[in-house]
S.K.: 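Please see the structure below; I have some questions.
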Amino acid sequence: MRLTAAQARRVAIAAQGLAETRPTGPVTRAHLKRLIARIQVLQLDSVSVSVRAHYAPVFSRLGPYDRDLLDRAAWSHSARSPRLLVEYWAHEAALMAVDDWPLMRWRMREYAHGRWGTEIVKRNAKLAEDIVAAVAELGPATAGQIEAHLESEPRGRKGPWWDRSDTKWVAEALWSAGVLTTATRIGFARHYDLTERVLPAEVVTRQVDEEQAVRELTLRAATALGVATEADLRDYFRLGARQVKPAIAALVAAGEMEPVEVEGWAAPAYLRVGQTVPRRDRGTALLCPFDPLVFFRPRLERLFDFYYRIEIYTPAPKRQYGYYVWPFLMDGRLVGRVDLKADRTAGALHVVGAFAEPGEDPAALAGPLAGELTSMATWLGLGDVTVGERGDVVASVRAALG
């Protein structure tokens, strides 16, 4: 089978749920559950200049929704509303379906001494035991609360993440190993608890071997991507080539994926069986830098001819587009970029800059962009959209906003 570049782009957008009509009524838990089954992960990131990254993909696909809905799904549990999501290293630190947590057991074994700082963890085996005992006694607790409980070191000023106390390093390692998990977050601070007190017993006790788990993860990646190269499939859950190659072969043999050629793609690709090929371009949305459609930059360039790098760590005078730039999808194509900041003091969503892609008419994208900005401002509880001076779209957006 052969796909044109346009067909591959439409498949990718449809697989991500961006081509569908947004709900007209309130967004419900059922909407969220269906979305997670489709895109699999919501990446976590601490930057909150506009809105934290895990909230944004839900807005981009379902429109304005109550963020408490996602908070409850991820960080609370009741008999009436069981926990739907759990944090783990799925892609990067991300929210994923609770039922899929056992698919990461092989990674938890790899991270038995943590993902980073393994030497610190290895020389602190007794501290690991003490932290588990402390959490068992305290219930959900931050690393600082655990440390205070243990009185493991003076309570002096803490530096950035690379200057963590041993307690923080070991708690993070226990989280990576699956011994602890995130019970809740308050002010985005992680509160650790014993995994067996957070997740259902049938999830905690379920054993999945690595081969089966990788096959399932590869299939989930294929579902989320629609059409993908081996590199795309690997990146979605950060799998290795030695894992994914046999998984792809098994899924093709089972009729779950089929090999395809995509116009302009150098590498072979695979189409998720059952994924329709849309006949026209659809989908308009603002996409945060960590959205699953854009987080693998080589795929983004291949699909949309869109070169994108986040410029948070670039000195301000050297930034081309801005600090926290959202690609703008309009009618199934990436046509612009918008640097956004939620100015909560002024009660406004501030457009620091807005830029059209080469060959795009700034006036043509201003109206749809203004609509998405107004919707986002309302969703964030901001009463206005203000527009700065950077970029060739700002004048047209300002006019469209009236």
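The model shown is predicted, which means the values in this text are computed figures rather than measured ones.
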S.K.: Picking from Tyr192, Tyr88, Trp116, what satisfies ring-ring contact (aromatic ring centres under 6.0 Å, His included) with Trp175?
M.R.: Tyr88
S.K.: Tell me if a side-chain donor or acceptor on Arg282 pairs with a main-chain N or O of Ala19 at a distance below 3.5 Å.
M.R.: yes
S.K.: Can you find a pair of side-chain heavy atoms, one from Leu373 and one from Leu286, that are under 4.5 Å apart?
M.R.: yes
S.K.: With a 6.0 Å cut-off (strictly less than), is the heavy-atom count around NZ of Lys33, excluding the residue itself, greater than 12?
M.R.: no
S.K.: Is there a donor-acceptor contact under 3.5 Å linking the side chains of Thr386 and His350?
M.R.: yes
S.K.: Could you walk me through whether Val338 and Val352 satisfy the side-chain contact (heavy atoms from CB on, under 4.5 Å) test, starting with their C-alpha distance in whole Å, then the side-chain angles of each, then the deciding distance to 0.1 Å, before giving a yes or no?
M.R.: CA-CA 8 Å; Val338 191; Val352 182; over 6 Å; no
S.K.: Report the C-alpha separation of Arg61 and Asp291 in whole Å, then their side-chain angles, then the decisive distance to 0.1 Å, and conclude whether the salt bridge (charged side-chain N to carboxylate O under 4.0 Å, His left out) test is met.
M.R.: CA-CA 11 Å; Arg61 290 153 180 79; Asp291 190 282; 2.8 Å; yes
S.K.: If you measure from CG on Leu138 to NE2 on His191, what distance do you get to the nearest 0.5 Å?
M.R.: 11.5 Å
S.K.: For Tyr270, give me all partners under ring-ring contact (aromatic ring centres under 6.0 Å, His included), at least two apart in sequence or on another chain.
M.R.: none
S.K.: Is the backbone N or O of Gln320 less than 3.5 Å from a side-chain atom of Glu311, with the two atoms forming a donor-acceptor pair by type?
M.R.: yes
S.K.: Measure from the side-chain N and O atoms of Asp68 to the backbone N and O of Asp71, and report whether any donor-acceptor pair falls under 3.5 Å.
M.R.: no
S.K.: Is it the case that the side chain of Thr229 and the backbone of Asp232 share a donor-acceptor pair, with hydrogens and angles ignored and the cut-off at 3.5 Å?
M.R.: yes
S.K.: Looking only at heavy atoms, which two atoms of Val179 and Glu196 are closest? And how far apart?
M.R.: O-OE1, 4.5 Å
S.K.: Has Arg238 got its NZ or CZ under 6.0 Å from the middle of the six-membered ring of Trp89, at an angle within 45 degrees of the ring axis?
M.R.: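 Here Arg238 fails the 6.0 Å and 45° test against Trp89.
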S.K.: Do His91 and Phe237 have their ring centres less than 6.0 Å from each other?
M.R.: no
S.K.: If you draw a 6.0 Å radius around CZ in Arg280, do more than 12 non-hydrogen atoms from other residues or ligands fall strictly inside?
M.R.: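 No.
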S.K.: Got a second to check how far Arg67's CZ is from Trp379's CH2, nearest 0.5 Å?
M.R.: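 Arg67 atom CZ to Trp379 atom CH2 measures 5.5 Å (nearest 0.5 Å).
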S.K.: Is Asp392 reaching over with its side chain to a backbone N or O of Ala356, donor-acceptor style, under 3.5 angstrom?
M.R.: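 A pair under 3.5 Å: yes.
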S.K.: Mind listing the closest non-hydrogen atom pair of Pro292 and Gln16 along with its distance?
M.R.: CB-OE1, 3.4 Å
S.K.: Would you call Arg115 and Glu110 a salt bridge, using N to O less than 4.0 angstrom?
M.R.: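 Looking at Glu110 together with Arg115, the answer is no, because their closest N to O distance does not fall below 4.0 Å.
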S.K.: How long is the gap from CG on Leu293 to SG on Cys288, to the nearest 0.5 Å?
M.R.: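 Those atoms lie 11.0 Å apart.
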S.K.: Hey, could you give me each pair passing salt bridge (Lys or Arg N to Asp or Glu O under 4.0 Å) that has a residue in residues 3-28? Not counting sequence neighbours.
M.R.: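 Sorted result for residues 3-28: Arg9-Asp281, Arg10-Asp281, Glu20-Arg38, Arg22-Glu372.
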S.K.: Side chains of Val86 and Thr181: does their closest heavy-atom pair fall under 4.5 Å?
M.R.: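 Val86 vs Thr181: side chains touch.
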S.K.: Give a yes or no on this: more than 12 heavy atoms of other residues, nucleotides or ligands lie within 6.0 Å of atom OH of Tyr313.
M.R.: no
S.K.: With no hydrogens and no angle check, just 3.5 Å: does a side-chain donor-acceptor pair link Glu147 and Ser165?
M.R.: yes
S.K.: Using modelled atom types only, decide if a donor and an acceptor are shared between the side chain of Arg197 and the backbone of Ala136 within a distance under 3.5 Å.
M.R.: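 Yes; at least one donor-acceptor contact below 3.5 Å.
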S.K.: So, taking the atom named CG in Leu3 and the one named CH2 in Trp265, what distance separates them when rounded to the nearest 0.5 Å?
M.R.: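 Going from the CG atom of Leu3 to the CH2 atom of Trp265 covers 8.5 Å.
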S.K.: Could you please spell out the steps behind the side chain to side chain donor-acceptor pair (under 3.5 Å) verdict for Thr223 and Arg272?
M.R.: CA-CA 6 Å; Thr223 301; Arg272 177 69 166 98; 3.0 Å; yes
S.K.: Checking Arg309 against Glu301 for the salt bridge (charged side-chain N to carboxylate O under 4.0 Å, His left out) test, could you report, in this order, the C-alpha distance in whole Å, the side-chain angles of both residues, the deciding distance, and whether it holds?
M.R.: CA-CA 11 Å; Arg309 296 293 184 271; Glu301 290 182 46; 3.5 Å; yes
S.K.: Might you point out which heavy atoms bring Pro57 and Ile39 nearest each other, and give the distance in Å?
M.R.: CB-CD1, 4.5 Å
S.K.: State whether the side chain of Asn124 and the backbone N or O of Ile120 hold a donor-acceptor pair below 3.5 Å, judged by distance alone.
M.R.: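 Checked: pair present.
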S.K.: Under 3.5 Å, is there a donor-acceptor pair linking the side chains of Arg72 and Ser81?
M.R.: no
S.K.: Do Leu127 and Leu150 have side chains that get closer than 4.5 Å, going by heavy atoms?
M.R.: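 They are in side-chain contact.
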S.K.: Identify the two heavy atoms, one from Arg299 and one from Ala12, that lie closest to each other, and give their separation to 0.1 Å.
M.R.: NH2-CB, 3.4 Å
S.K.: Would you say the side chain of Trp106 lies within less than 4.5 Å of the side chain of Arg109, judging by non-hydrogen atoms?
M.R.: yes
S.K.: Under 3.5 Å, side chain of Asp343 to main-chain N/O of Ala346, donor-acceptor pair present?
M.R.: yes
S.K.: Do His149 and Thr167 come close enough that some side-chain heavy atom pair is under 4.5 Å?
M.R.: no
S.K.: For Asp361, is the CG atom crowded, meaning more than 12 foreign heavy atoms sit under 6.0 Å from it?
M.R.: yes
S.K.: Nearest 0.5 angstrom please: Leu42 CG to Arg52 CZ, how far?
M.R.: 14.5 Å
S.K.: Is the shortest heavy-atom distance from the side chain of Leu217 to the side chain of Met104 under 4.5 Å?
M.R.: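 Of all side-chain heavy-atom pairs linking Met104 with Leu217, at least one is under 4.5 Å.
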S.K.: Using side chain to side chain donor-acceptor pair (under 3.5 Å), reason through Gln243 and Glu210 one step at a time and then give a plain yes or no.
M.R.: CA-CA 9 Å; Gln243 297 172 304; Glu210 181 176 341; 3.0 Å; yes
S.K.: Would you mind checking if Glu172 and Lys168 are paired as a salt bridge, meaning a charged N to carboxylate O distance below 4.0 Å?
M.R.: yes
S.K.: For the residue pair Val252 and Glu258, establish whether any side-chain heavy-atom pair is separated by less than 4.5 Å.
M.R.: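 A side-chain contact is absent here, since even the closest heavy-atom pair is not under 4.5 Å.
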S.K.: Would you check if Leu44 and His54 make a side-chain contact, meaning some heavy-atom pair closer than 4.5 Å?
M.R.: yes
S.K.: Give a yes-or-no answer on whether the side chains of Thr314 and Arg319 include a donor-acceptor pair shorter than 3.5 Å.
M.R.: no
S.K.: Regarding Arg333 and the six-membered ring of Phe328, is the cationic atom NZ or CZ under 6.0 Å from the ring centre and inside 45° of its axis?
M.R.: no
S.K.: Quick one: does Thr205's side chain have a donor or acceptor within less than 3.5 Å of a partner on Ala201's backbone?
M.R.: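 Checked: pair present.
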S.K.: Pick from Trp326, Tyr321, Phe306: which one makes a ring-ring contact (aromatic ring centres under 6.0 Å, His included) with Phe355?
M.R.: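 Only match with Phe355 under ring-ring contact (aromatic ring centres under 6.0 Å, His included): Tyr321.
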S.K.: Does atom CZ (Arg123) have a neighbourhood of more than 12 heavy atoms from anything else shown, all under 6.0 Å?
M.R.: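 Atom CZ in Arg123 is packed in, count exceeds 12.
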S.K.: Could you give the distance from CG (Leu84) to CG (Leu95), rounded to the nearest 0.5 Å?
M.R.: 9.5 Å
S.K.: Heavy-atom count around Glu211 CD within 6.0 Å, excluding the residue itself: above 12?
M.R.: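 No - once you tally the heavy atoms of other residues, nucleotides and ligands closer than 6.0 Å, there are 12 at most.
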S.K.: Please report the closest heavy-atom contact between Val135 and Leu194, naming both atoms and the distance.
M.R.: CG1-N, 3.7 Å
S.K.: Take Met96 and Glu87 through the side-chain contact (heavy atoms from CB on, under 4.5 Å) test and state the conclusion after the steps.
M.R.: CA-CA 6 Å; Met96 66 185 300; Glu87 292 183 30; over 6 Å; no
S.K.: Are Arg220 and Tyr236 in a cation-pi setup, meaning NZ or CZ lies under 6.0 angstrom from the ring centre and within 45 degrees of the ring axis?
M.R.: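 Ring-cation test returns no.
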S.K.: Any chance the side chains of Trp75 and Thr182 put a donor and an acceptor closer than 3.5 Å?
M.R.: no
